[in-house]
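Counting begins at 1 with the first residue of the sequence. Start at 1 and go down the list; that is how both ligands and their atoms are numbered.
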Amino acid sequence: MDYPHVVEQVLSAVQPHIGAGQVADYIPDLARVDPKQFGFAVATVDGKVFSGGDVDVPFAIESISKVFALALVLSQRDTKIWDRVRREPSGLAFNDLIELEIEEGIPRNPFINPGAIVVTDQLLADTGDAVAALRALLRAETGNAHLEVDSVTAESELRTGDRNRSIAYLMSSFGNMLSPVDLALDHYFRQCSFSITCAELAKAGLFIARHGVRADGSRLLEYGDTRHIIALMATCGTYDEAGNFAYRVGLPIKSGVGGGMLAIVPGHCAVAAWGPGLDPKGNSVAGGVALETFAQVSELAVF
Ligand code: GLN
């Protein structure tokens, strides 16, 4: 695969879309991000990185952290998480409350906010410190020993997080929270606020592309666990746009409202795109164009 050529094609296709969309202003700290930035990186399973644009500018990982939290919970070889969260697309916004009430506090999947809060709550119970577990994983896989939570973003999420608080209290009322809501949400808000670059995000995703094998060659997950994560990314990773992204891109993707997107090509590479401007569903506009172009040019789509 001529990855430098693929990256070049992506950068040129994205050019007219850089700055398009709206930054996530419901989290005030994300509203101050310059939307006219774009980064793209491909990390291959043999350890090479091909990239272009603003690949070394850190941004908030947001919902992409949900993939790593789920990976850590599954690495505990404990399947009780599946009594607490289902594995179906929601068809509704990532922070919707209505479905959760109707379905008695059991979220549709681990990649919408209610499901992710349950996963973080489980990781907190399993490890004693969900953020520390995530920090250790992200540092090891990216090779950046200084990778850290942005405390300003975390504070901003905490201050404006009433919707997530409502979600967590609703789940608690149905008996689906292990820790007190405030404690679980403190970990959830901080996990969403990890500051990561595009190049680092691609590297962080590689253990999924390698079917569970980490950067140091040790195994975090069984083959089946990564197959499950990939399936959930494809069906639920871009919320109520997952069908459209399967159609347009044809790769498992997880997005975040910081404008990041992580796509996995099993056995080949992990691909990260970042453009802060979002579409109305909360997915990066430029990131979507980038991944669509990547799939088209590389012919690596799984569908
Ligand atoms: N921290 C964000 C929230 O809870 C994450 C949402 C997202 O990235 N889709 O609203």
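Using bins of under 30°, 30° to 60° and over 60° for the plane-to-plane angle, the ring pair Phe50/Tyr3 lands in the parallel bin. Ring orientation note: the planes of Phe94 and Tyr239 are tilted relative to one another, at an angle of 30° to 60°.
The proximity of Val257 to ligand 1, defined as any non-hydrogen pair under 4.0 Å, involves the side chain as well as the backbone. Here Glu157 has side-chain heavy atoms under 4.0 Å from ligand 1, and that is the only part of it that gets that close. Contact annotation for Asn164 and ligand 1: only side-chain heavy atoms (C-beta onward) come within less than 4.0 Å of the ligand.
For Trp274 (side chain) and Ala41 (main-chain N/O), no donor-acceptor pair under 3.5 Å exists by modelled atom type. In this structure, the side chain of Gln9 does not engage the main chain of Phe294 through any donor-acceptor pair within 3.5 Å. One N or O on the side chain of Asp129 and one on the backbone of Ala132 form a donor-acceptor pair closer than 3.5 Å.
Listed by number with element, the atoms of ligand 1 under 4.0 Å from a non-hydrogen atom of Cys192 are 1 (N). Remark: ligand 1 atoms within the under-4.0 Å shell around heavy atoms of Gly256 are 8 (O). Residue contact check: Asn113 has heavy atoms under 4.0 Å from atoms 3 (C), 4 (O), 6 (C), 10 (O) of ligand 1. Shown in contact with Tyr188 at under 4.0 Å from a heavy atom are these atoms of ligand 1, numbered in order with element: 3 (C), 4 (O), 5 (C).
Classification of Glu222 and Arg227 as a salt-bridged pair fails, no side-chain N sitting under 4.0 Å from a carboxylate O.
Closest to atom 8 (O) of ligand 1 among all protein heavy atoms lies Ser63 OG, 2.7 Å. For atom 2 (C) of ligand 1, the closest heavy atom belonging to the protein is Glu62 OE1, 3.1 Å.
Glu241 and Asn283 share a side-chain donor-acceptor pair at under 3.5 Å.
Between atom 3 (C) of ligand 1 and the options Phe111, Phe189, Tyr26, Tyr239, the minimum heavy-atom separation is to Tyr26.
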